[in-house]
Amino acid sequence: MLENYLEINIDRIRENIINIKNESRSLFCAVVKANAYGLGAVEISQNIEDIVDYFAVARLQEAISLRENKITKPILVLGYVGINDIKLCHDYNIDITIYDFDFAKEINKLNYKVNCHLALDTGHSRLGFRNFEINKINKLKELKSLNIIAAFSHFATADEEDSYYTDYQYKVFNEMLDAINFDLDFVHISNSSGAMKHRIYKNMIRVGLAMYGLYPSDVVKNDSDIKLSRSFNLYSTVSFVKNIKQGTAVSYGRTFIAEKDMKIATITIGYADGYFRAFSNVGEVYIDGKPCRVLGRVCMDQIMVDVSNLDVKIGDRVEVYKDIDLEASKASTISYELMTSISPRVNRRYIRNGKYLKTHNNLGEIYES
Ligand SMILES: *Cc1c(COP(=O)(O)O)cnc(C)c1O
């Protein structure tokens with residue numbers, strides 16, 4: 001039943017965390033939003049909790065799921081939490097993000113003590129108080145049920161060659177920190193790129209992609225001394241191999257017509273597994289270490305690839321994203337989106353201490369003999 005599986009090596013994730021921490025000498029907030037970028041938030045969080053200080057997620061449900069699975073370290077919801085869910089944040093001891101004064105007043109009226117991180121918008125323009133709202137921020141002090149323990153911001157361009165905007169955001173952040181009037185336990189601004197390229201740490205960094213072993217960009221890779229090791233691989237399976245004649249059409253819409261006689265293989269992955277339809281005619285998978293181009297349209301559950309001159313048979317293993325950044329660029333996207341798109345149907349298989357932990361997808365667990 002392992003036609004498609006995402007193999008996640010938790011040993012490598014731990015190695016990446018330790019390497020980053022050794023350089024930053026700061027607290028480490030593990031960003032495990034979006035099911036840990038598709039790799040599995042519960043399994044990963046449980047297996048790294050001993051070496052991280054904080055967890056961050058995007059949605060309250062993600063935070064509650066971690067608590068329900070015995071995660072006890074602090075968890076911050078980086079995004080919106082509705083007023084009717086504030087009691088849950090209190091009950092589950094989940095930190096929330098504060099970025100609107102009137103909304104903060106509504107929260108305060110409920111009288112549930114909650115830990116709060118102030119979001120400061122220094123130029124990303126998503127969530128956060130801006131630098132002309134210092135008075136408003138300081139008035140939050142009067143809201144006694146809000147336990148404001150941290151302030152943070154978020155970089156817009158920390159992965160790019162030109163540092164000017166990151167420097168600017170960092171300057172605005174520091175000015176705002178100077179102007180606000182709180183005793184903060186945690187101050188954090190850097191994502192993977194901020195920490196690795198710009199070496200900005202404050203007293204905590206929020207790391208997602210790098211923890212999973214990918215560099216946010218080539219610039220970050222070149223400018224960092226940290227050697228990351230990729231923690232995951234997506235595998236699929238050859239289901240059929242055949243020779244086709246010149247002129248044969250392949251897949252829906254006949255967008256590929258063989259220009260010569262060729263050998264093609266059918267593979268058990270499609271867009272319902274998160275293999276984008278945008279890979280039609282451009283994606284490349286690897287069989288036995290050799291590149292095989294996608295021929296014609298990606299189907300819901302299958303693709304056809306070129307295996308001319310290769311020795312390929314039914315049941316062979318296929319590596320789907322050998323160079324994930326290159327593949328992402330072919331689909332006009334980034335590795336983050338390819339990772340988070342790997343669908344729940346794809347089995348996740350975990351390795352810890354060199355041994356398989358468990359393998360499961362949304363349909364259940366697979367017990368391997
Ligand atoms: C997703 C996210 C991060 C992590 O970003 P990476 O580039 O994966 O390290 C950090 N902070 C915030 C606010 C985020 O939304």
Side-chain angles (χ1 to χ4, degrees), residues 12-13 16-17 19-21 23-24 26-41 44-45 48 52-60 62-63 66 74-81 94-99 116-129 150-160 165-166 169-170 173 186-221 223-224 226 228 230-232 324-325 328 333-342:
R12 298 219 178 115
I13 296 177
N16 293 327
I17 293 169
N19 286 335
I20 296 165
K21 272 177 41 169
E23 186 174 87
S24 73
S26 65
L27 298 172
F28 191 99
C29 173
V31 180
V32 294
K33 64 190 179 190
N35 197 27
Y37 293 31
L39 305 186
I44 291 172
S45 300
I48 63 172
V52 306
D53 304 287
Y54 238 98
F55 291 97
V57 294
R59 312 267 187 262
L60 177 59
E62 297 180 308
L66 294 182
I75 305 172
L76 167 63
V77 178
L78 295 162
Y80 168 78
V81 174
I94 289 162
D95 300 6
I96 59 172
T97 296
I98 298 291
Y99 48 85
C116 301
H117 295 231
L118 292 176
L120 306 180
D121 177 3
T122 56
H124 186 262
S125 299
R126 194 167 62 184
L127 298 177
F129 291 99
F152 75 101
S153 190
H154 191 48
F155 288 129
T157 63
D159 59 330
E160 293 178 11
Y165 199 71
T166 302
Q169 283 195 265
Y170 191 46
F173 187 53
F186 308 98
V187 176
H188 45 108
I189 184 167
S190 275
N191 51 8
S192 296
S193 301
M196 293 180 68
K197 176 177 167 15
H198 302 274
R199 296 173 170 80
I200 291 170
Y201 311 121
K202 287 301 186 182
N203 82 342
M204 184 156 79
I205 55 177
R206 301 185 308 268
V207 177
L209 195 75
M211 178 168 79
Y212 308 117
L214 297 183
Y215 294 89
S217 66
D218 284 343
V219 173
V220 176
K221 185 174 183 173
D223 288 0
S224 171
I226 298 171
L228 298 173
R230 181 165 160 183
S231 67
F232 67 94
I324 193 167
D325 296 309
T333 185
I334 52 177
S335 59
Y336 294 76
E337 194 184 16
L338 294 190
M339 288 179 76
T340 55
S341 299
I342 297 169

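All values below were derived from every heavy atom in this structure, side-chain atoms included, with hydrogens, water molecules and symmetry-related copies excluded. This one's a predicted model, so the numbers in the text were calculated from it and none came from an experiment. As the structure lists them, so they are numbered: ligands from 1, and atoms in each ligand from 1.
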Quick check: closest heavy atoms across Met211 and Val32, and the distance to 0.1 Å? CE-CG1, 4.2 Å
List the protein residues in contact with ligand 1, where contact means a heavy-atom separation under 4.0 angstrom. Val31, Lys33, Tyr37, Leu78, Arg126, His154, Asn191, Ser192, Arg206, Val207, Gly208, Leu209, Tyr336
Mind checking side chain to side chain contact (heavy atoms under 4.5 Å, CB included) for Lys21 and listing every partner two or more places apart, or none if nothing turns up? Ile17, Phe28, Ile51
Which residues pass the side chain to side chain contact (heavy atoms under 4.5 Å, CB included) test with Glu337, sequence neighbours left out? Phe276, Thr333, Ser341
Does Asn16 have any side chain to side chain contact (heavy atoms under 4.5 Å, CB included) partners at least two apart in sequence or in another chain, and if so, which? Leu228, Ser229
Report the C-alpha distance between Tyr54 and Phe186 in whole Å, list the side-chain angles of each, state the deciding distance to 0.1 Å, and finish with yes or no for ring-ring contact (aromatic ring centres under 6.0 Å, His included). CA-CA 10 Å; Tyr54 238 98; Phe186 308 98; 5.0 Å; yes
Anything under 30° is parallel, anything over 60° is perpendicular, the rest tilted; go ahead and classify His188 against Phe152. parallel
